[in-house]
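Worksheet: one structure, shown below.
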Amino acid sequence: MSALSSTPFDGTHNGGTSDNGSNDTLFESIAQGLQTQGYAITQAALPLTLTAGLLLRVSQLPEYQFAVAGTGRQQEHQLNGFVRRDKIRWLNDEHPAEQAWLDFMGDLQRYMNRRLFLGLFSYECHFAHYQPGDFYRKHMDAFRGQSNRVLTTVLYLNPDWETQDGGELVMYRDDDHNEELLRLVPRFGTLVTFLSEEFPHEVLPARRDRYSIAGWFRLNASTNHRADPPR
Ligand code: OGA
Ligand code: MN
C-alpha cells in the first residue's frame, strides 16, 4: 500500500536541534513524515556547523574527483546522458566534514530502526554536481523486490537559490506517475527523506551550479551464497 493514501498536506516540518545538542526533535519529525505520508522535508533544521562544513568541503573538491553518474548498480551500471547529467563523488570517512555527515546519518539510521523498525543496515551517499543545463529525468531509486535501497535522503547545499535558478526536485505520486506531488527548491540546508520504492521523481534542469548530497539507506541482502557488504 502506498504511504500516500493518507491525507496529503504540504509535508514541511521544521525540525531543529535542541540546546543539548540532541537531534531527536529533527529525527522524530522525519519519522512522523515517513509514517504518515512516506516522505519528510525539513528546512534549516540541521546543525549549521554540519551543513556549512559540507558546503565548504564540496566547494573545495576539485572537479576531477567528480565522475559521470550511472543509472542502476553494478552490472546494470550504464552511463546514460539522456537520463541524467550530474557528476558525482562518493563520500568517505577520510575528511572530517564527510565523516560528520556519515556519523549524523548513522544517528538517523539508529533512530529510524528503533522508531519504525526499518532494519536499515548501511548508508551510502555521494555529492552531486549539476552544471547549468544538467537534469535527472523521472526515475525510481529502487524497485520493489529488486533492490535493497529503502530510504532516500537528499541534502541541498545551495545558498541563495532562487526559483528562477531551476533545478527543482519534482516528486510524483506512486499510483499515478503523472500527478505531481510536490516541487522542492534545492535551498541550502533543506533535507528531503522519502521511501525509495514509493516515489517517482526527477530533477529539472538547473540554471546554476547545483550541489547536493544524495544518499540511500539499505537493507542487508546477504544470503548464504552472496555476501552483501556495505559500500
Ligand atoms: C538522485 C536524485 C534528487 C535531487 O540522485 O537519485 O534523485 O534533488 N536526486 O538531487
Ligand atoms: Mn533519485
Side-chain angles (χ1 to χ4, degrees), residues 15 17 23 26-27 30 39-74 77 79 84-113 118 120-131 134 136 139 141-142 147-159 161 167 169 184 186-196 201 203 206 209-221 228-231:
T17 309
N23 292 298
L26 169 63
F27 295 164
I30 294 173
Y39 67 92
I41 296 163
T42 62
Q43 272 153 357
L46 295 148
L48 186 60
T49 46
L50 184 63
T51 43
L54 290 163
L55 172 60
L56 187 64
R57 176 62 177 155
V58 77
S59 55
Q60 288 175 343
L61 276 173
E63 195 56 40
Y64 72 79
Q65 286 202 16
F66 285 77
V68 173
T71 48
R73 295 188 55 184
Q74 292 156 4
H77 208 81
L79 302 178
R84 66 187 293 188
R85 292 274 170 86
D86 58 321
K87 297 200 175 60
I88 64 168
R89 181 198 171 276
W90 293 94
L91 273 72
N92 60 58
D93 59 9
E94 285 161 25
H95 185 277
E98 296 179 33
Q99 177 66 67
W101 178 248
L102 295 171
D103 288 347
F104 182 80
M105 296 317 266
D107 290 345
L108 177 63
Q109 176 178 329
R110 278 181 288 279
Y111 192 96
M112 291 305 145
N113 284 346
L118 288 179
L120 307 176
F121 172 70
S122 66
Y123 181 69
E124 57 191 8
C125 62
H126 60 62
F127 289 112
H129 177 200
Y130 292 73
Q131 290 175 303
D134 288 352
Y136 194 160
H139 65 280
D141 283 350
S147 162
N148 50 6
R149 282 180 170 180
V150 285
L151 197 60
T152 300
T153 65
V154 190
L155 172 70
Y156 299 104
L157 297 171
N158 308 295
W161 194 272
L169 170 69
L184 190 60
R187 276 202 194 95
F188 178 78
T190 296
L191 174 69
V192 57
T193 309
F194 59 89
L195 299 174
S196 306
H201 57 281
V203 178
D209 290 285
R210 176 194 195 268
Y211 292 95
S212 59
I213 298 176
W216 298 270
F217 288 103
R218 296 170 56 202
L219 303 177
N220 191 332
D228 181 37
R231 202 176 172 284

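Side-chain atoms are counted along with the backbone in the values below, which use heavy atoms only and exclude waters and symmetry mates.
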Open item on the list: If we count only N and O atoms by modelled type, under 3.5 Å, do the side chains of H201 and D141 hold a donor and an acceptor together?
Closed with: yes

For Q109, the side chain to side chain donor-acceptor pair (under 3.5 Å) test, sequence neighbours excluded, returns none

Heavy-atom side-chain proximity of V203 to R210 below 4.5 angstrom: yes

Output for pair (L56 CG, L61 CG), nearest 0.5 Å, gives 10.0 Å

All heavy atoms of L120 vs all of N113, minimum pair found to be N-OD1, 2.7 Å

To the nearest 0.5 Å, atom CD1 of I30 lies from atom CG of L151 at 8.5 Å

Between the OG atom in S122 and the CZ atom in R149, the distance rounded to the nearest 0.5 Å is 10.0 Å

Query raised in the report: Do R57 and F127 come within less than 4.5 Å of each other through their side chains, counting heavy atoms only?
Result: yes

Rounded to the nearest 0.5 angstrom, the CH2-NE2 distance for W216 and H126 is 3.5 Å

For T51 and G189 the tightest heavy-atom approach is CG2-CA, 4.3 Å

Interatomic distance, CD@Q65 vs CD@Q60, rounded to 0.5 Å, equals 11.5 Å

request  = With the side chain counted from C-beta on, respond yes when S212 and V58 share a heavy-atom pair under 4.5 Å apart, and no when they do not.
outcome  = no

Practice task
Take Y156 and L169 through the test side-chain contact (heavy atoms from CB on, under 4.5 Å) and record every step on the way to the result.
Solution key: CA-CA 10 Å; Y156 299 104; L169 170 69; 3.4 Å; yes

Of all heavy-atom pairs linking V192 and I41, the shortest is CG2-CG1, 4.0 Å

Q: Report yes if the side chains of Y211 and W161 come closer than 4.5 Å at any heavy-atom pair, otherwise no.
A: no

| Side-chain touch F217/T153, heavy atoms, less than 4.5 angstrom | yes

Exercise for review: Please lay out, stage by stage, how F104 and L46 fare under the test side-chain contact (heavy atoms from CB on, under 4.5 Å).
Suggested key: CA-CA 10 Å; F104 182 80; L46 295 148; 3.2 Å; yes

Mind checking whether R89 and E98 have side chains closer than 4.5 Å, heavy atoms only? yes

Check your understanding: Does any N or O in the side chain of D134 come within less than 3.5 Å of the main-chain N or O of D86, such that one atom is a donor and the other an acceptor?
Key -> no

Smallest heavy-atom separation, A97 atom then G53 atom, equals CB-O, 3.6 Å

Rounding to 0.5 Å, atoms CG (L54) and OG1 (T49) come to a distance of 9.5 Å

Residue set satisfying side chain to side chain donor-acceptor pair (under 3.5 Å) with S196, at least two apart, ordered chain then number -> T152

- Message: Taking the side chain as everything from C-beta on, heavy atoms only, tell me whether V150 gets closer than 4.5 Å to L118.
- Response: no

Minimal heavy-atom distance between A52 and F188, with the atoms involved, is N-CZ, 3.9 Å

Residues passing the salt bridge (Lys or Arg N to Asp or Glu O under 4.0 Å) test with R187, sequence neighbours excluded, are none

Heavy-atom closest pair (C125 atom, G215 atom, distance to 0.1 Å) is CB-CA, 3.6 Å

Mind checking whether L155 and T190 have side chains closer than 4.5 Å, heavy atoms only?
-> no

- Item | Salt bridge E63-K87, side-chain N to carboxylate O under 4.0 Å | no

V154/L184 under side-chain contact (heavy atoms from CB on, under 4.5 Å): CA gap, chis, key distance, verdict = CA-CA 11 Å; V154 190; L184 190 60; over 6 Å; no

